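All of these numbers come straight from a predicted model, not from anything done at the bench.
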Amino acid sequence: AMLFALAVFPVASLQAADAHRLLNLRGHWKFNLGDSSAWSDSKFDDGDWSEIYVPSSWEEEGYPGYDGYAWYRKHFRASGSWGEKDLLLELGMIDDVDEVYLNGKLIGGMGTFPPGYESAYNAERSYPISPGLLKPGGDNVIAVRVFDDHGPGGIVDGRVGIYEQRYY
């Protein structure tokens with residue numbers, strides 16, 4: 001019996017972790033170098049922005065040696081059934097500092113932007129989504145402001161998506 005329990009445990013834990021993902025946000029996001037508070041606005045037109053693969057360092061995606069500010073934006077549809085759930089936006093590892101907006105509202109951030117610069121490159125980003133912030137069936141926009149001091153930059157690794165928060 002003991003041997004059986006050891007054999008099935010890894011599979012069960014992997015399935016449990018994935019089962020709570022409601023939306024996979026890996027893939028192409030809109031991307032722009034620079035910094036403007038207007039880019040957090042859900043109504044901002046990002047149609048002429050370039051695309052970048054998330055998660056991946058921006059150096060690997062065509063911006064070698066770039067250090068400084070850049071923004072990511074992602075449009076998605078939210079299901080009406082999500083309204084009953086406690087949701088988390090997971091963005092994995094961001095190098096070095098981030099501020100995250102959902103439909104124009106700041107929902108989280110880690111590290112400190114210059115002048116009091118402090119990196120949070122090794123921290124998993126997981127931000128709660130307040131009830132009522134999502135527009136079910138409509139266009140929803142995630143905007144991520146990133147500052148990179150040196151080395152790889154951007155949304156570099158980890159789980160990227162919207163997950164249902166579970167209380168164990």
Side-chain angles (χ1 to χ4, degrees), residues 4-32 35-47 49-58 61 70-113 120-147 154-168:
F4 177 72
L6 288 173
V8 302
F9 181 72
V11 178
S13 63
L14 281 175
Q15 286 170 338
D18 275 353
H20 313 313
R21 185 175 71 195
L22 301 175
L23 182 66
N24 186 350
L25 290 171
R26 292 176 81 94
H28 289 97
W29 288 50
K30 294 289 189 173
F31 181 74
N32 204 21
D35 191 28
S36 166
S37 59
W39 299 345
S40 68
D41 191 331
S42 59
K43 293 176 185 66
F44 176 80
D45 180 3
D46 54 29
W49 283 24
S50 56
E51 292 205 334
I52 194 168
Y53 189 84
V54 170
S56 178
S57 75
W58 60 49
E61 292 291 314
W71 283 70
Y72 293 78
R73 285 173 59 91
K74 182 73 170 177
H75 296 258
F76 68 94
R77 293 221 172 274
S79 162
S81 67
W82 296 359
E84 313 306 310
K85 305 179 193 310
D86 286 332
L87 304 180
L88 291 173
L89 173 61
E90 303 218 354
L91 292 173
M93 310 285 207
I94 297 179
D95 207 335
D96 286 281
V97 184
D98 67 294
E99 269 178 2
V100 179
Y101 298 84
L102 178 58
N103 293 333
K105 186 174 188 296
L106 182 66
I107 64 164
M110 292 185 93
T112 309
F113 289 98
Y121 75 92
N122 57 351
E124 290 269 349
R125 281 19 180 222
S126 182
Y127 303 129
I129 297 173
S130 306
L133 195 52
L134 289 173
K135 296 179 262 190
D139 183 42
N140 292 271
V141 184
I142 300 163
V144 184
R145 179 190 190 207
V146 177
F147 175 79
I155 304 173
V156 293
D157 197 17
R159 307 205 299 183
V160 182
I162 293 178
Y163 289 78
E164 184 175 356
Q165 192 167 344
R166 293 297 178 118
Y167 303 97
Y168 294 107

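Side-chain contact between V54 and K74: absent, with no pair of heavy atoms (C-beta onward) separated by less than 4.5 Å. Side chains of V156 and P55 form no contact here, defined as non-hydrogen atoms less than 4.5 Å apart.
A donor-acceptor pair is defined here as one N or O able to donate and one able to accept, closer than 3.5 Å; no such pair exists between the side chain of D96 and the backbone of Y121. No side-chain donor-acceptor contact under 3.5 Å links N103 to the backbone of S42.
Ring geometry for Y53 versus H28: interplanar angle over 60°, hence perpendicular rather than tilted (30 to 60°).
In this structure, OG on S40 lies 8.5 Å from CG on L106, to the nearest 0.5 angstrom. Rounding to the nearest 0.5 angstrom, the gap separating the OG atom in S50 from the CH2 atom in W58 is 12.0 Å. The CD atom of E51 sits 5.0 Å away from the NZ atom of K30 when rounded to the nearest 0.5 Å. Once rounded to the nearest 0.5 Å, the distance linking CD1 of I142 with CG of L23 reads 7.5 Å. Expressed to the nearest 0.5 Å, how far CZ of R125 lies from CD1 of I107 amounts to 13.0 Å. Note that the CZ atom of R21 and the CZ atom of R26 stand 8.5 Å from one another [nearest 0.5 Å].
By the neighbour-count criterion of 12 heavy atoms within 6.0 Å, atom NZ of K105 is sparsely surrounded, having that number or fewer from other residues, nucleotides or ligands.
Across all their heavy atoms, A143 and R73 have their closest contact at CB-CG, 4.0 Å. Residues A120 and G111 share a closest heavy-atom pair of CB-N, 3.6 Å. When every heavy atom of I162 is checked against every heavy atom of W82, the shortest pair comes out as CD1-CZ3, 4.0 Å. The shortest heavy-atom contact between S79 and S81 is OG-OG, 2.8 Å. Contact record, R77 with G138: NH1-C, 3.1 Å, taken as the closest heavy-atom pair. Considering all non-hydrogen atoms of both residues, G80 and P136 come closest at CA-CB, 3.8 Å.
Shown are L134, V144, V141; of these, the side chain to side chain contact (heavy atoms under 4.5 Å, CB included) with L102 is made only by L134.
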TODO: Would you check, one step at a time, whether the test ring-ring contact (aromatic ring centres under 6.0 Å, His included) holds for F44 with W71?
DONE: CA-CA 12 Å; F44 176 80; W71 283 70; 9.0 Å; no
- [ ] Let me see the working for L25 and L89 under side-chain contact (heavy atoms from CB on, under 4.5 Å), right down to the final yes or no.
- [x] CA-CA 10 Å; L25 290 171; L89 173 61; 3.8 Å; yes
Open item on the list: Determine whether Y72 and I94 satisfy the following criterion, side-chain contact (heavy atoms from CB on, under 4.5 Å), listing intermediate values before the conclusion.
Closed with: CA-CA 11 Å; Y72 293 78; I94 297 179; over 6 Å; no
- [ ] Starting from the C-alpha separation in whole Å, work towards a yes-or-no answer on side-chain contact (heavy atoms from CB on, under 4.5 Å) for L87 and L133.
- [x] CA-CA 11 Å; L87 304 180; L133 195 52; over 6 Å; no
TODO: Go through E99 and F113 one step at a time and tell me if the side-chain contact (heavy atoms from CB on, under 4.5 Å) criterion holds.
DONE: CA-CA 9 Å; E99 269 178 2; F113 289 98; 3.5 Å; yes
